[in-house]
Every structure is written in C-alpha cells, then in structure tokens.
Amino acid sequence: MEHIGKNIRKIREEKGYTQQEVADLISMHRSNYSRVETGDRDLSIEAINKIAQFSICYRPAGKFRG
C-alpha cells in the first residue's frame, strides 16, 4: 500500500492541493488521509474510487493551472 500512497501524494502535490482539501473531498479525516499517503492505512473501494476521480478531474474553485 505504501507505493500507492506515494503515487497519491505525488498527484496531490502536482495538482497543488493540501491533504485537508483532498480529505474533505473524499469525506475522510485529514489524519487518516495522511496515513493513506504513508501506506499506514488501507483504503476501502469507495475511497479508492473517490481518490481516482479526484486525480483525474477535480479542480476546486479558485485553483487554476498555469
């Protein structure tokens, strides 16, 4: 799970989002989301789907790509 967590973190950082923003989007407490990125927490299928949707298309209001 650690490898997946590193990939999730890389995508989040590339998009310029905080852990809190992603955690809110997928309805997860920030500390639990942090544990996902470090590989210390397993994800449910529902959480994986939400993270996948975020990584493909999510851009909150006020965030623009340069």
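Residues forming a side-chain contact (heavy atoms from CB on, under 4.5 Å) with Arg9 (at least two apart in sequence, or on another chain): Arg12, Glu13, Glu37. For Ser31, the side-chain hydrogen bond (donor to acceptor under 3.5 Å, both in side chains) criterion is met by His29, not counting sequence neighbours. With sequence neighbours excluded, no residue forms a side-chain hydrogen bond (donor to acceptor under 3.5 Å, both in side chains) with Asn49. With sequence neighbours left out, the side-chain hydrogen bond (donor to acceptor under 3.5 Å, both in side chains) criterion links Arg35 to no other residue.
In this structure, Asp24 and Gln20 approach most closely via the heavy-atom pair OD1-NE2, 2.7 Å. Considering all non-hydrogen atoms of both residues, Gln19 and Ser34 come closest at OE1-CB, 3.5 Å.
Rounding to the nearest 0.5 Å gives a distance of 10.5 Å between CD1 of Ile26 and CD1 of Ile48. To the nearest 0.5 angstrom, Tyr33 atom OH is 9.0 Å from Met28 atom CE.
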Working note: Leu43 + Ile8, criterion side-chain contact (heavy atoms from CB on, under 4.5 Å); need CA distance, chi angles, decisive distance, verdict. CA-CA 12 Å; Leu43 290 168; Ile8 291 170; 4.2 Å; yes
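Hydrophobic cluster membership is shared by Ile4 and Val36, with clusters built from Ile, Leu, Val, Met, Phe, Trp and Tyr side chains linked at under 4.5 angstrom.
Pairs of residues two or more places apart, or lying in two chains, that qualify as salt bridge (Lys or Arg N to Asp or Glu O under 4.0 Å) and include a residue from residues 43-52 are Glu46-Lys50.
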